[in-house]
Amino acid sequence: MRRTTVISVAVAVIALAGTAAAQSPTAAPPAPAATPAPAPAAAPPPPKPPATETTPANIRLIAGNCLVCHSESASAAGGMPILAGQDAKVIAAAFREFRDGKRHGTIMPRISKGYDDGVVDAVSAYLSKTK
Amino acid sequence: MTQFSRRRVLQGGAAIAAAGLFMPNIARGASPKVVVIGGGFGGATAARHLRLADPGIEVTLVERTKTYQTCPFSNLVLGGMKTMDQITHTYDRLPSRGIKVAHGEVVAVDADKRTVRFADGATLPYDRLLLSPGVDLRYDGLPGYSEAAAEKMPHAWKAGPQTMLLKKQLEAMPDGGTVIIVAPDNPFRCPPGPYERAAMIAHYLKNNKPKSKVLILDAKDRFSKQGLFEQAWAAEYPGMIQWIGKQDGGKAKSVDAAAMTVETEFGKEKGAVINVIPPQKAGKLALTAGVAAESGWCPVDFETFESKLIKGIHVVGDACVAAPMPKSATAATAQARVAAYAIADMLRDRKPGAPSLSNTCYSMISPDYGISITGVYNAFPDGLKEVGGGVTPMNASKDDHKLEATYAYAWYAGVTYEAFA
Ligand SMILES: Cc1cc2nc3c(=O)[nH]c(=O)nc-3n(C[C@H](O)[C@H](O)[C@H](O)COP(=O)(O)OP(=O)(O)OC[C@H]3O[C@@H](n4cnc5c(N)ncnc54)[C@H](O)[C@@H]3O)c2cc1C
């Protein structure tokens, strides 16, 4: 059996192929890299997210998504910051800094791209009041 | 069980509705019944949020087993970083959240009468039904593989005895042997799972049988977080893990459990241990209930996760079609919350809105090395779309990889707390 060295080529292509296509079983595969793959720094910014509904129900759902990592149990096991009880303005400001590339983080810079200002303020207010 | 009185209420309701009077979904004053089948990540989380959404809802969670071993972190059991006990959860605390827990196997759903039937013949009525049955393995999807063959070539794609079997085989194999992982085509449960498994098996081998190797024979041309995985394998386990994609002949044509071989277009590969991850489909109950399409998966509406095939039945988790969300535990819990709040609304004749969902999958490479993929998804009229997210940057620092390994533990604690505590 051939043990090829395709791997090193694949690394470059796949790293830049974008997450949706790489994850999605049904989405169209990423376009073949006919043009040389751009350097990571030159990767295009993700499309601007369309407005998310800020109904109370949806804000509660979004907060639920945050709390998977920001609950007390998660924090106790692996040191994620607890948001409950923090000032809503502080939460929102930190969130925007991640989103705007002004604050380093392992994952928040990526997550924060999915939410616009209206959602950030509403979710921050909600989270600050959770126990 | 107040089965009979409940039936009468429903019949009464039907009679009034037939007479043309306004009638909400549920008779006023009665407490609506929601039955949730499947006590995995999707089902257990949905049950919790149904009660949070509306404590007036009577919620029954039906699960065939008394304990639940999580697939998440089962690869860490193989790597020696977790024990089976540490990934085993019970349903003991759910009654204190107002959830009735019924252990048994549901074998049929009558969508007209709105009842589910257990293997022993007992029935349970519902106003709305939520299914999170997970996946079933398609033993017909790979020639030579079968339930019997899985006793020699474990899939370990449902955590539990199969995980322990694979672990014992790793412990028994000689140093210098090859562990083969046969990976399936999309869609399947946990897209990064086979590649995290390769790392965790390499972690065990590096510490115990350093001359051994891991060979991944893949039915596809690329895989989730591929660049990151290959970078991480090279950093932590140099020369130990080899991946062969479909374009290079990696797709398994058949397996032979007696000979311990995998056949590809280039011949037969012999393995000291062979882990076959076969193709999958929605759990059998989804098929018998009639909510699965020909693809084997369940199409749903993304505002409610109600089946597109049968009204009154919602499907979340691995069983539903929710691309571009992956089939993951985090995704299942996000979908469960959407379905729970939508069901609460629908039972009270309120209209649910367009939700926002999210997913995160951490993959553990070694105790000091984690990577992740995350996504935020909004429901649009034409489907779910990713509006934010991404994978760990390729140039992430050593410190950040170490932090991600720690955060993976936090995620696990959070997601299991939400479902089982
Ligand atoms: C090796 C591996 C690693 C993984 N790692 C991760 C990870 O790190 N992060 C992540 O997010 N995801 C991970 N996953 C994916 C995750 O396990 C699944 O996506 C998740 O379990 C899906 O939840 P579910 O509710 O759809 O199904 P399940 O969790 O499988 O739950 C289904 C439940 O329904 C019950 N059931 C089914 N039919 C019936 C019936 N007829 N009657 C009664 N009970 C029934 C079953 O017993 C089961 O308990 C991993 C998967 C694997 C295989």
Side-chain angles (χ1 to χ4, degrees), chain A residues 1-4 6-8 10-27 29-30 40 46-50 52-53 55 57-58 60-62 64-80 99 104 106-107 109-115 119, chain B residues 186-187 191 222 224-228 230-231 242-245 248-249 264 266-267 269 323-324 326 330 333-334 337-338 341 352-358 360 372-376 378 386-395 400 403-404 406-415 417-418 421:
Chain A
M1 172 172 275
R2 273 194 297 150
R3 301 276 161 97
T4 57
V6 178
I7 287 175
S8 57
V11 172
V13 177
I14 302 300
L16 297 163
T19 56
Q23 271 288 287
S24 162
T26 56
K48 203 175 150 42
T52 304
E53 282 193 46
T55 55
N58 207 25
R60 187 176 50 191
L61 281 174
I62 293 170
N65 294 334
C66 311
L67 288 170
V68 169
C69 293
H70 288 294
S71 67
E72 251 175 65
S73 56
S75 178
M80 300 236 195
R99 200 188 52 191
H104 178 76
T106 56
I107 200 164
R110 292 176 269 150
I111 292 177
S112 56
K113 300 279 188 299
Y115 303 100
V119 175
Chain B
N186 293 319
R222 65 177 73 81
S224 174
K225 295 186 264 194
Q226 183 163 354
L228 283 165
E230 288 171 343
Q231 188 183 52
Q242 187 190 8
W243 175 77
I244 302 182
D248 297 307
T264 69
F266 292 108
E269 286 283 329
T330 326
T333 61
R337 284 189 294 269
V338 171
Y341 290 104
S356 170
L357 298 101
S358 80
T360 300
S372 64
I373 182 162
T374 183
V376 180
N378 286 1
E386 181 167 327
V387 297
V391 297
T392 303
M394 281 295 281
N395 58 358
D400 277 359
L403 273 173
E404 290 225 283
T406 315
Y407 291 148
Y409 287 107
W411 166 86
Y412 182 87
V415 81
Y417 179 89
E418 167 110 334

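What you see below is based on every heavy atom in this structure, not just the backbone, and it leaves out hydrogens, waters and symmetry mates. Proteins come first, then strands; the chains are lettered A, B, ... in the order of their sequence lines, and each starts at number 1.
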**Request:** Determine the option with the most heavy-atom pairs under 4.5 angstrom with chain B, choosing from A:Val119, A:Ile111, A:Leu67, A:Thr106.
**Result:**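 When all of A:Val119, A:Ile111, A:Leu67, A:Thr106 are compared, A:Thr106 has the most.
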**Heavy-atom pair count under 4.5 Å with chain B, highest-scoring of A:Glu53, A:His70, A:Arg60** =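 Going by pairs under 4.5 Å, I would pick A:Arg60.
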Which atom pair, heavy atoms only, marks the closest approach of [X] to [Y]?
X: A:Arg110; Y: B:Ser372; value: NH2-OG, 2.9 Å
X: B:Ala410; Y: A:Met80; value: CB-CG, 3.5 Å
X: A:Leu61; Y: B:Pro355; value: CD1-CB, 3.8 Å
X: A:Ala77; Y: B:Ala413; value: CB-CB, 3.4 Å

**Message:** Run the ring-ring contact (aromatic ring centres under 6.0 Å, His included) test against B:Tyr409 and tell me which residues pass, sequence neighbours left out.
**Reply:**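 ring-ring contact (aromatic ring centres under 6.0 Å, His included) list for B:Tyr409, sorted by chain: B:Phe73.
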**Asked** For B:Tyr407, is it the side chain, the backbone, both, or neither that has a heavy atom closer than 4.5 Å to a heavy atom of chain A?
**Response**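 Contact with chain A is through both the backbone and side chain of B:Tyr407.
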**Message:** Any heavy-atom pair between the side chains of A:Lys113 and B:Val376 that's under 4.5 Å?
**Reply:**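 Heavy-atom side-chain distance check fails, nothing below 4.5 Å.
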Pick one of side chain, backbone, both or neither for [X], based on which atoms fall under 4.5 Å of a heavy atom in chain B.
X: A:Asn65; result: both
X: A:His104; result: side chain
X: A:Ser71; result: side chain

**Message:** Measuring from atom CD1 of A:Ile107 to atom CG of B:Leu403, what distance do you get when rounded to the nearest 0.5 angstrom?
**Reply:**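 So the CD1 of A:Ile107 and the CG of B:Leu403 are separated by 11.5 Å.
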**Prompt:** If you count heavy-atom pairs under 4.5 Å between each of B:Tyr341, B:Trp411, B:Tyr412 and chain A, which one has the most?
**Reply:**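 Top count of heavy-atom pairs under 4.5 Å with chain A: B:Tyr341.
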